[in-house]
Amino acid sequence: MATIAVPRTGSAFRPAVLDWLTTVDHKKLGILYLYFTMFFFAVGGILALLVRTQLAVADSTFVSNDAYNQIFTMHASAMLFLFIIPIWAAFGNYIVPLQIGAVDMAFPRINALSFWLLPPAGILMFSGFFFGGSADAGWTAYSPLARNTGTGMDLWIIAVILLGISSTIGAANFLVTMFRMRAPGMTMFRMPVFCWNVLVTSILQLLATPVLAAALCMLYIDRNFGGSFFDPNGGGNVILWQNVFWFYSHPAVYIMILPGMGIVSEILPVFARKPLFGYKAFVFATLGIGGLGFSVWAHHMFTTGAVLKPFFGFMTFMIGVPTGVKIFNWLATLWRGSITFEPPMLFALGFVSMFLIGGINGTYSAAVPVDFAIHDTYFVVAHIHYVLFGGSVFAVFGGLYYWFPKFFGRRLNDKLGVTQFVLMIVGFNLAFFPMHLLGLDGMPRRIATYNEADWEALNMASTIGAFLIGVSMIPFLIAVVAAFMRPKDQPDDPWEGNTLEWATTSPPPVHNFDSLPEIHSERPLFDQRHGIGGHGVHPATGEGRG
Amino acid sequence: MAAHGAVQHRQGLSNGMLGFILFVASEVMFFGGLFAAYFIARADAPSWPPTELLTEEQLAAGVELHLEWVLPTIATVLLVLSSVTIQIGVMQIQRGNRTALMWWLFVSIVLGLIFLAMQMYDYAQLPFRADDTIFGTTFYTLTGFHGAHVAGGVIFMLVVLVRSAGGQFDAGNHEAVEACSFYWHFVDVVWLALFTTLYIVGPRS
Amino acid sequence: MRNAARRLTHRFVLIFSLVLLGSLLSVGAASAQFGQPKPVTEEADSLHTLYLLVTVAGFIVFALVTGALLYMVVRYRRRSDELPPQTHGNNLLEVIWTTIPIVIVLFLFVSSFVVLLDVEEDAEPEDLTVNVTGFQFSWEFVYDLADLGRGEGPGGEGTVSVIGTGSEEPLLVIPVNEPVEFKLTSNDVIHSFYVRNFLYKLDVVPGLDNSFKVTAHETGTFEAQCAELCGLDHALMRFQVQVMERPDFDAYIAGLASEQLEQARVP
Ligand code: HEA
Ligand code: HEA
Ligand code: CUA
Ligand SMILES: [Cu+2]
């Protein structure tokens, strides 16, 4: 209990700020990650609202074509690189060491470095707006287009390289932490499933991100040193960019979802008061998704005419299998459970149902001939958002409501949480379901404007839905502000949790634990609460079950 | 029971070493991406070096797509030698001989610097540049990134040298030295792959 | 507390059912083609059939899983503080729900493969060839007068071309009931040749010789546009495809030819 009491006087302000700037505590860094990423969620969301405003009606002139290309490029870049990928590091940082019973990450200083690479990257990426325009070739930066656009593109490249470095060293840190910092009794197969998902995510980051860095270096060389990587006139290959880019970016979509699946796998058992059904199957499914994830990248390139379509189509179909195993195990976790519906659970259930739709419409693209029609249309935009919003973002909010008491010692109001959920899931479906129909009807993505009157009604619906999502943030913000106006009153374990983060105070002391319960299964707190375990091994928790 | 995480002593690799190995794995993937670009370009080209792709202006300016192999071969020998010398250094510190470590580090650093100097000289006299077709682009990109890693390795060795001069490292505690030599071997292996790729299997008609 | 929880459940179920119903209705109402535009080529017919197949499979999976989820949520909401049975897993179930998706997926893959082979057949040398060039930001369609396909066309030397401008969308004409090959080239950036009613698109890639073949079986004018982000006016890179009876096509090309040869004579 050696927390150093910082005197709460006026002059304490500077030390407090300094403390945040120099901290190497995984919990504080986690919180910093959280603030940073939520900020860029708002930025990306506001850009999305600009997109939706422009597209609400046909032949719109709300923004210019030039501005439009920058807006949607930066929307996706912010959402992916500055929000969803690093926000998993926020949860991972705060929760992983607690869940495995460690005092900190393996390399606290490198951890701080990983975080502090982000703000300069964010600033660089957006500073393009002050240098004649930001990047505008889409988040996929296809060459040759991306070879020829303005300075904003160079800034974008450097920013993404910085983010890649952050992500790579962060991944190495997570891996070493989970391999080597586990408390006694915490075997690999007793690690919480959230940790397993972060582990597989980290492997993907470690091995895939450097390939993106290589691709970005090539693009930079092409742009600035007369390179010919992507210039057929100099003997280069245009499709090379797509191959290296997607070699990273397909595994990256699993980087963007797996920790979310981990969060859902923490929440469902707690609110159904059952263990996660098929723990090991779940772990192997996660590893399977990670492995298969490296063999499907060319499914983004079926219409280039330059890839082996049957192979990549087949592998893409196969990835539905381990994902299905996860979905079915979640269902079986609910089966004969005793379920309550606090906000974390609502968001987790929202995840399962919405991600399911995103997975199924991804399967449309796996059927190569079907993809010929829907590729680069709004059908794919619908897919993107069903997996990334209906999946990842729902998991983010589930995780926030679930762990907020642990992070801040305060609980977010349940009623406001339910209100947010209702507004969000309705707005979300209104915004993104119509995109399926637009895409099937042939509306291409990335167009600044359209002249087809038939598309107006659906686009307007989508725009209304998008603003409804925006409105759904209001109850959330109120809940956050209200929570911070109250004193810290949360007990160690407000939800009857299963995992070690609930075995310490909310928020935890600097050194995390004053004492750890004995660990005989993947649910040490459950065992403790029900007096199971003791010094023996409980029959139901031994190794070797499915 | 107090918190256990940090006070555990496990067998085998230390955290630092494991982290370092993971870092090197990511470096391997980085070079993997660059090598892939090279092989795709080579497979696409009408011949390699792709002389056909040179424009009139480039020809008029005296651009020639061909590599000089004598100097790089000598450089290769020196680099391999430096791997041996740093390994001797590691063996010395394992026996607790810090002075010998410092000497062998010094030799390795000098060899690394000579390698870099030869690379610079090679760059200066080659009859093509990075903007002369994909051949020039891939050549300078691959060797350039490797050169940067050599420079990084030299700095790493310098740091270790300074630290040993400051009295650090002994028979029981020399992890940074091992990490350093590990990195240097990695840089060396990348070069061998690069040399083989560019100079030996490279040309094709 | 119990009551509040139950109210939450009910609300959740209600919303869920609404969303489900809404999705089903909107898809059903979308059009007779279940969302896709009317297929106008032989290839598009099989592409559309495959689409329907995937849609059926997708809806079955969706309905079963969502149904099961709704069932769990309603049936197993908390009614007492008793701890439910702690089932940890079941290997047989894992095997079953790994195998069933594998079977579905294999079925879908084989179907896709068959359709893929069907629609990607190579063109014959005697088929009409249209050389398509995409450029920032319009299209050029070039016909070789010596190679106008299987009809009795005007024939002759030279080429005729239709070229769009920023303000005028080009019109691509092809004859009905005849295989037509499109050869795609680009000298600037990547574009994508996308005719909605073909249910097909193929990228126009600098440095790659992409081509594909269709046999239109319906006359009419169809909307089309570039489907790959290519810069500033990507959104305006539209064109139209008109499928005509063979005599109309021949007359159209002949008209273009005399027009353009006249222009060529004027220095
Ligand atoms: C979180 C991110 C995420 C996730 C998890 C996924 C998951 C999947 N994605 Fe997605 N994808 C993206 C993000 C993501 N994707 C993005 C951002 C793009 C666009 C990039 C761009 O161009 O800008 C994209 C694009 C994209 C394409 C390219 C489309 C195109 O441009 O033409 C394809 C093609 O195959 C694809 C397929 C899939 C598949 C098969 C899955 C699978 O993993 C889904 C598996 C899940 C299920 C199938 C549901 C559950 C399973 C069951 C209930 C079992 C039973 C099911 C069956 C038998 C089918 N995705
Ligand atoms: C995690 C990823 C993510 C998320 C969350 C979103 C969220 C949203 N996206 Fe986006 N999107 C992508 C990833 C994502 N998107 C990607 C990868 C692409 C492809 C880009 C490309 O083609 O290159 C894309 C493309 C894309 C398009 C297609 C553009 C085009 O092709 O031309 C559209 C169009 O409607 C769209 C809309 C939206 C909307 C309305 C939301 C909404 O859900 C947003 C909701 C959020 C808010 C409304 C923010 C609310 C917050 C506040 C209001 C806070 C107030 C402020 C403070 C307190 C500071 N997105
Ligand atoms: Cu051409 Cu888009
Ligand atoms: Cu993918």
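Each chain gets a letter, A, B and so on, in the order the sequences are listed, and its residues count up from 1.
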Among [options], which has the most heavy-atom pairs under 4.5 Å with chain A?
options: C:Ile100, C:Leu184, C:Val115, C:Val65; result: C:Val65
options: C:Tyr194, C:Tyr200, C:Tyr76; result: C:Tyr76
options: C:Leu92, C:Leu47, C:Leu93, C:Val105; result: C:Val105
options: C:Pro101, C:Ala68, C:Gly58, C:Gly231; result: C:Gly231
options: C:Ile190, C:Thr99, C:Val61, C:Val119; result: C:Ile190

Check: Does the pair A:Phe317 and C:Leu106 meet the rule for a side chain to side chain contact (heavy atoms under 4.5 Å, CB included), with working shown?
Finding: CA-CA 8 Å; A:Phe317 271 128; C:Leu106 280 179; over 6 Å; no
Give, for atom [atom1] of [X] and atom [atom2] of [Y], the distance between the pair rounded to the nearest 0.5 Å.
X: A:Leu334; Y: C:Arg75; atom1: CG; atom2: CZ; value: 13.0 Å
X: A:Thr140; Y: C:Leu229; atom1: OG1; atom2: CG; value: 7.5 Å
X: A:Thr304; Y: C:Glu228; atom1: OG1; atom2: CD; value: 10.0 Å
X: A:Tyr364; Y: C:Leu108; atom1: OH; atom2: CG; value: 10.0 Å
X: A:Leu331; Y: C:Met72; atom1: CG; atom2: CE; value: 5.5 Å
X: A:Asp371; Y: C:Leu116; atom1: CG; atom2: CG; value: 11.0 Å

Margin query: Please determine whether the number of non-hydrogen atoms from other residues, nucleotides or ligands lying under 6.0 Å from atom CG of C:Asp122 exceeds 12.
Written below: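 No, the 6.0 Å shell around CG holds no more than 12 heavy atoms from other groups.
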Less than 4.5 Å to any heavy atom of chain A: does that hold for the side chain of [X], its backbone, both, or neither?
X: C:Ile104; value: neither
X: C:Asp233; value: both
X: C:Asn197; value: neither
X: C:Leu53; value: neither
X: C:Phe113; value: side chain
X: C:Arg238; value: side chain
X: C:Phe198; value: neither

Winner by heavy-atom pair count (cut-off under 4.5 Å) against chain C, out of [options]:
options: A:Lys274, A:Arg336, A:Arg446; result: A:Arg336
options: A:Asn233, A:Thr363, A:Asp376; result: A:Asp376
options: A:Thr149, A:Leu440, A:Ile447; result: A:Leu440
options: A:Gly442, A:Pro444, A:Ser338; result: A:Ser338

Next item on the list: With C:Gln86 as reference, evaluate A:Arg523, A:His530, A:Arg273 under the side-chain hydrogen bond (donor to acceptor under 3.5 Å, both in side chains) test and give the passing residue.
Entry: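 It is A:Arg523, the one option of A:Arg523, A:His530, A:Arg273 that forms the side-chain hydrogen bond (donor to acceptor under 3.5 Å, both in side chains) with C:Gln86.
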Next item on the list: Determine, step by step, whether A:Lys309 and C:Glu120 satisfy the salt bridge (charged side-chain N to carboxylate O under 4.0 Å, His left out) criterion, reporting the C-alpha distance in whole Å, the side-chain angles of both residues, the deciding distance to 0.1 Å, and the verdict.
Entry: CA-CA 11 Å; A:Lys309 284 172 273 210; C:Glu120 295 224 309; 3.0 Å; yes
Check: In terms of ring plane angle, is the pair A:Phe328 and C:Trp97 parallel, tilted or perpendicular, where the classes change at 30° and 60°?
Finding: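 Plane angle between 30° and 60°, so tilted.
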How close do [X] and [Y] get, counting heavy atoms only, and between which atoms?
X: C:Leu69; Y: A:Ser353; answer: CD2-CB, 3.9 Å
X: C:Phe62; Y: A:Leu356; answer: CD1-CD2, 4.0 Å
X: C:Val73; Y: A:Ile339; answer: CA-CD1, 4.4 Å

Show the atom names and distances, to 0.1 Å, of all donor-acceptor pairs under 3.5 Å that link a side chain in residues 201-208 of chain C to residues at least two apart or in another chain.
residue: C:Lys201; atom: NZ; partner: A:Phe372; partner atom: O; Å: 3.1
residue: C:Lys201; atom: NZ; partner: A:Ala373; partner atom: O; Å: 2.7
residue: C:Lys201; atom: NZ; partner: A:His375; partner atom: O; Å: 2.6
residue: C:Asp203; atom: OD1; partner: A:Thr303; partner atom: OG1; Å: 3.0
residue: C:Asp203; atom: OD1; partner: C:Ser192; partner atom: OG; Å: 2.9
residue: C:Asp203; atom: OD2; partner: A:Thr303; partner atom: OG1; Å: 3.3

I want to check something: taking the side chain as every heavy atom from C-beta on, are [X] and [Y] in contact at a cut-off of under 4.5 Å?
X: C:Val189; Y: A:Tyr142; answer: no
X: C:Glu94; Y: A:Phe282; answer: no
X: A:Val321; Y: C:Thr98; answer: yes

Margin query: For A:Ala285, which atoms come within 4.5 Å of any heavy atom of chain C: side chain, backbone, both, or neither?
Written below: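 Interface part for A:Ala285: neither.
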Check: Are C:Leu236 and A:Asn65 close enough, and set up right, to give a side chain to side chain contact (heavy atoms under 4.5 Å, CB included), and what steps lead you there?
Finding: CA-CA 10 Å; C:Leu236 306 180; A:Asn65 292 358; 4.0 Å; yes
Notebook entry, point to check: In residues 131-138 of chain C, which residues are in contact with chain A at a heavy-atom separation under 4.5 Å?
Noted result: C:Gln136
